[in-house]
Number of protein chains: 2
Amino acid sequence: MLDVTVYDIAREAEVSVSTVSRVLNGTAPVKASTRQKVLALIEKYQFQPNGLARSLLKKVTGTIGIVIPDINNPFFPEVFTGAENALREKGYTFFLCTTHGNFEYESQYLALLREKQVDGILFLGGRINQRHCPPDLAQELEDLNRRIPIVLVNGDLPGSSFHRVFIDEHRGAELATQHLIDLGHRHIGFIGGEPEITATTEKIAAFEQTLAVNGLSSRPEWMLLGDFSIGCGMRRMEELLALPERPTAVFCVNDFVSVGVIKTAFDHGLRIPADIAVVGFDDTVLAASTTPELTTISQRSKELGETSVRVLLQLIQKRRVRKHTVLEPVLKIRRSTVDGLNAAAGQLSQLSEPCG
Amino acid sequence: MLDVTVYDIAREAEVSVSTVSRVLNGTAPVKASTRQKVLALIEKYQFQPNGLARSLLKKVTGTIGIVIPDINNPFFPEVFTGAENALREKGYTFFLCTTHGNFEYESQYLALLREKQVDGILFLGGRINQRHCPPDLAQELEDLNRRIPIVLVNGDLPGSSFHRVFIDEHRGAELATQHLIDLGHRHIGFIGGEPEITATTEKIAAFEQTLAVNGLSSRPEWMLLGDFSIGCGMRRMEELLALPERPTAVFCVNDFVSVGVIKTAFDHGLRIPADIAVVGFDDTVLAASTTPELTTISQRSKELGETSVRVLLQLIQKRRVRKHTVLEPVLKIRRSTVDGLNAAAGQLSQLSEPCG
DNA sequence: ACACCACCTGAAATCGGTTTCATTCGCCAT
DNA sequence: ATGGCGAATGAAACCGATTTCAGGTGGTGT
């Protein structure tokens with residue numbers, strides 16, 4: 001009863017629905033007087049056209065699906081923010097789908113997104129990896145990509161032909177490792193990350209390669225994996241500190257893990273960076289909230305979101321886009337590796353806006 | 001060409017679309033042999049019914065809009081997680097809309113959500129407040145509520161009749177303040193928050209009332225507002241420390257602000273809690289990542305999300321629900337107010353899962 | 001007076017499903 | 001043989017918009 005349609009408007013205005021539609025979209029000239037009449041009714045009933053009906057016909061929904069593993073890791077909200085900002089004025093809306101790294105959820109959400117006719121999908125499945133991703137999900141994703149444009153963000157599915165946007169994680173890990181070496185560290189550990197995931201393996205490869213280039217090497221007992229959580233950082237750091245010989249620095253797979261590492265180091269009365277230096281990865285808001293602030297690798301998360309969604313938009317408009325877009329990571333040097341920096345030097349950009 | 005419809009299936013199976021639809025939904029008996037034929041074709045073409053067409057007819061989309069001010073404040077992702085968990089198995093999807101506290105964005109998103117025919121809306125607009133919210137947005141929201149079920153989460157619009165789910169912020173602020181007083185503090189400051197927003201005013205009211213009950217009172221120069229950011233915490237703490245006389249404890253409007261306060265205190269060589277105790281609000285992941293960990297008030301964010309969405313679901317199903325649902329806040333005592341707690345006592349629930 | 005065009009409008013098809021209504025068919029009881 | 005019933009199916013209406021196509025009207029140029 002509260003729902004007004006073009007037919008209701010047309011009837012009351014004593015015109016046809018075609019005319020109402022033309023007033024709505026300006027697709028053809030309409031006599032000023034009838035336009036006024038129609039507009040008045042639209043205003044009167046607060047009429048808003050039903051997007052489902054329109055989308056059904058036009059085959060465009062103005063809707064994008066974003067699939068991420070974990071919304072509680074601040075990295076992903078930042079990517080989301082970038083995507084949203086890039087498309088805000090175009091009137092897109094976003095389905096946010098959190099999978100918790102669960103393949104069943106992923107599969108379920110992909111089906112739902114297809115059913116709801118999204119125009120495109122941003123897939124930030126950290127789990128995508130040749131060895132780990134089950135063949136059926138890979139297949140499913142590829143099939144889906146034949147119907148709906150998909151952009152893989154910071155992930156890969158070797159042997160497939162997805163469009164991808166990602167930062168050069170190898171380079172990022174190299175920057176981090178070289179930074180520690182340049183500071184004089186010779187004994188460096190690596191903490192965190194699931195061993196099946198690209199985000200872990202890439203970093204380890206670059207880590208060991210950079211050590212080698214500098215005539216150093218990693219020690220198996222200092223390579224402590226797990227997952228991407230704070231708790232993992234705490235536990236692995238406990239284990240590390242229990243060893244007879246300790247590294248003087250650790251490189252963590254992400255900021256979450258770094259937070260755990262710092263907490264545990266602090267609990268053991270260690271000073272950071274004097275006793276142990278810590279480098280993270282992602283440059284999320286967490287990096288700004290630890291004491292001392294965390295040296296980390298910026299993934300330029302907002303830009304990543306913006307760029308990804310721009311690529312997706314090109315695909316949606318059937319324009320040609322290069323398959324891969326790579327962003328350069330940036331090393332953010334803060335007090336978890338270099339003592340005595342003043343706070344301003346920390347490049348904590350998120351803290352510089354005025355307040356109140 | 002890749003898009004298969006019920007008509008295509010029907011033609012190839014030599015049945016009518018009605019039959020295909022019946023196979024799809026099991027709404028009427030279909031002979032086993034024809035069912036098989038249809039199912040085989042559905043499998044062959046990976047057919048999936050078009051949700052737009054279905055929703056258009058059924059007037060249900062299985063879609064919910066969630067409007068939040070800031071996705072980069074970890075509190076909101078936690079609420080979102082709760083909502084998603086509660087509705088996952090029902091196959092709902094969520095439009096996530098971030099407004100940055102911008103009324104224009106809010107208005108724009110509300111229109112979009114209506115156009116896209118969401119079944120309901122969770123509105124977490126921290127800005128909703130009798131004095132501050134512009135009358136037209138208030139009006140808009142109320143009009144919308146006549147067409148679409150809306151639940152206000154942690155917000156209010158006095159004089160209106162929305163369904164609301166919220167935690168008792170007054171009680172939360174009381175718990176925080178009393179905790180500091182019980183620890184022996186007599187000089188307590190308040191930092192952060194925009195003065196127009198309920199989340200600020202409620203806390204201030206409870207703060208001052210609790211002081212009064214204990215025979216204490218606030219000092220205007222120790223009430224330093226601003227916004228809800230880390231940067232605000234830093235700046236206001238600088239100002240506070242520049243005063244000739246300082247409080248021995250501060251209560252912050254949220255965890256973000258607390259982080260800034262702790263950072264600045266640390267930069268000035270102050271020890272927490274010995275020189276200054278800090279209490280936050282929200283119990284986000286940030287509270288676990290500071291050194292020392294932050295004593296804070298848990299808003300039980302995931303439960304808040306779950307509960308809100310449950311209420312919303314009731315409304316969608318036109319069942320009767322009580323207008324207001326209130327959650328009790330919980331004080332989480334950690335090392336930013338009490339020295340020498342061991343880490344396990346911190347109740348950092350998010351750190352207790354196994355890893356790897 | 002006639003042809004032409006620009007402007008304005010409406011009827012009807014369309015998008016891809018679901019659902020109602022009517023019909024056919026086979027089977028069983030009387 | 002016949003009436004009745006339930007299972008199985010198809011035709012057609014419907015949801016709410018957009019768009020094509022086909023007029024109708026009025027003004028202008030010759």
Side-chain angles (χ1 to χ4, degrees), chain A residues 1-39 41-42 45-63 91 111-112 114-119 147-148, chain B residues 1-39 41-42 45-63 111-112 114-119 147:
Chain A
M1 53 229 71
L2 266 165
D3 270 353
V4 178
T5 72
V6 277
Y7 292 93
D8 302 319
I9 302 284
R11 191 180 325 114
E12 192 160 339
E14 300 178 296
V15 297
S16 73
V17 288
S18 336
T19 301
V20 176
S21 174
R22 284 190 270 259
V23 170
L24 241 31
N25 304 294
T27 44
V30 174
K31 193 164 54 164
S33 65
T34 61
R35 187 216 284 351
Q36 290 313 321
K37 207 165 24 167
V38 170
L39 285 177
L41 288 169
I42 288 175
Y45 291 113
Q46 303 246 52
F47 167 75
Q48 174 139 38
N50 183 323
L52 299 175
R54 172 183 295 166
S55 295
L56 180 57
L57 191 53
K58 305 247 258 175
K59 299 183 173 317
V60 172
T61 53
T63 291
L112 280 173
R114 178 174 164 212
E115 184 191 328
K116 299 194 175 165
Q117 312 291 119
V118 296
D119 294 340
R147 307 169 197 265
I148 304 177
Chain B
M1 51 230 71
L2 266 164
D3 271 353
V4 178
T5 74
V6 276
Y7 292 93
D8 302 319
I9 302 285
R11 190 178 327 114
E12 192 160 338
E14 299 178 296
V15 297
S16 73
V17 289
S18 335
T19 302
V20 176
S21 174
R22 282 190 272 258
V23 171
L24 242 29
N25 304 294
T27 45
V30 174
K31 193 164 53 165
S33 66
T34 62
R35 186 212 300 319
Q36 289 315 320
K37 207 164 25 165
V38 171
L39 285 177
L41 288 169
I42 288 176
Y45 292 114
Q46 303 247 53
F47 168 74
Q48 174 138 41
N50 182 324
L52 299 175
R54 172 182 296 167
S55 296
L56 180 57
L57 191 54
K58 304 247 257 175
K59 299 182 174 318
V60 172
T61 54
T63 292
L112 280 172
R114 180 174 163 212
E115 184 192 327
K116 299 194 174 166
Q117 311 291 120
V118 295
D119 294 340
R147 307 171 197 265

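Lettering follows sequence order; numbering is per chain, from 1. Computation of the quantities below employed the complete heavy-atom set of this structure, encompassing side-chain atoms and omitting hydrogens, waters and symmetry-equivalent molecules. Note that the structure is predicted; figures quoted are calculated from it, not measured.
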J.: What integer distance in Å separates A/N25:CG from C/dT9:C1'?
T.: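 My rounded result for the distance is 16 Å.
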
J.: Which pair of heavy atoms, one from A/R114 and one from A/R147, lies closest together, and at what distance?
T.: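 Distance-wise, the nearest heavy atoms are NH2-NH1, 3.3 Å.
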
J.: 5'-most contact on DNA chain C: B/A53 or B/R22, nearest heavy atom basis?
T.: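 First, find each residue's nearest nucleotide; the 5'-ward one identifies B/A53.
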
J.: What nucleotide, of C/dT19, C/dC7, C/dG17, holds the atom closest to the side chain of A/P29?
T.: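 So the side chain of A/P29 is nearest to C/dC7.
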
J.: Roughly how many Å is it from CZ in A/R11 to P in C/dT9, rounded to a whole number?
T.: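 Nearest whole value for this atom pair: 19 Å.
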
J.: Could you state the CZ-C1' distance from A/R35 to C/dT9, rounded to the nearest angstrom?
T.: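 That distance rounds to 14 Å.
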
J.: Of all nucleotides in DNA chain D that come within under 4.0 Å of a heavy atom of chain B, which is furthest toward the 5' end and which toward the 3' end?
T.: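 The footprint of chain B covers D/dA8 to D/dG16.
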
J.: Rounded to the nearest Å, what distance is computed from the CZ atom of residue B/R54 to the P atom of nucleotide C/dC15?
T.: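 It is 19 Å, rounded to the nearest whole Å.
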
J.: Hey, is the side chain of B/T5 poking within less than 4.0 Å of OP1 or OP2 on C/dC15, counting only N and O atoms?
T.: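 Indeed not, no polar side-chain atom of B/T5 lies that close.
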
J.: Please check this pair: side chain of A/T61 against backbone of A/S55, looking for a donor-acceptor N/O pair closer than 3.5 Å.
T.: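 No; judged by distance alone, with no hydrogens or angles, the pair does not exist.
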
J.: Just call it for A/V20: base, sugar-phosphate, or nothing, with non-hydrogen atoms closer than 4.0 Å on any strand.
T.: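 No contact.
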
J.: Would you mind telling me which residue lines up with the more 5' stretch of DNA chain D, B/L56 or B/V17, judged by nearest nucleotide?
T.: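 Its nucleotide being nearer the 5' end, the pick is B/V17.
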
J.: With respect to the side chain of A/S18, which nucleotide from C/dG17, C/dA11, C/dC15 is positioned closest?
T.: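 Given the options C/dG17, C/dA11, C/dC15, the side chain of A/S18 is closest to C/dA11.
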
J.: Could you tell me which non-hydrogen atom of B/K116 sits nearest to which non-hydrogen atom of A/T63, and how far apart they are?
T.: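 Smallest interatomic distance, heavy atoms only, reads NZ-OG1, 3.4 Å.
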
J.: What heavy-atom pair brings A/S16 and A/A10 nearest, and what distance separates the two atoms?
T.: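 So the two residues come closest at C-CB, 3.8 Å.
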
J.: In whole angstroms, how far is the C1' atom of C/dT14 from the NZ atom of A/K59?
T.: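 Taking NZ of A/K59 and C1' of C/dT14, I get 10 Å after rounding.
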
J.: Rounded to the nearest angstrom, tell me the gap between atom CG in A/L52 and atom C1' in C/dT18.
T.: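 Distance check: A/L52 CG to C/dT18 C1' gives 15 Å.
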
J.: From C/dT9, C/dT14, C/dG16, pick the nucleotide closest to the side chain of A/T19?
T.: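 Side chain of A/T19 sits closest to C/dT9.
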
J.: Would you mind reading off the distance between A/N50 atom CG and C/dC15 atom P, rounded to a whole angstrom?
T.: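 Checked: the CG to P distance equals 18 Å.
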
J.: Please tell me which of A/S21 and B/A32 maps to the more 5' nucleotide of DNA chain D, matching each residue to the nucleotide holding its nearest heavy atom.
T.: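 Of the two residues, B/A32 wins.
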
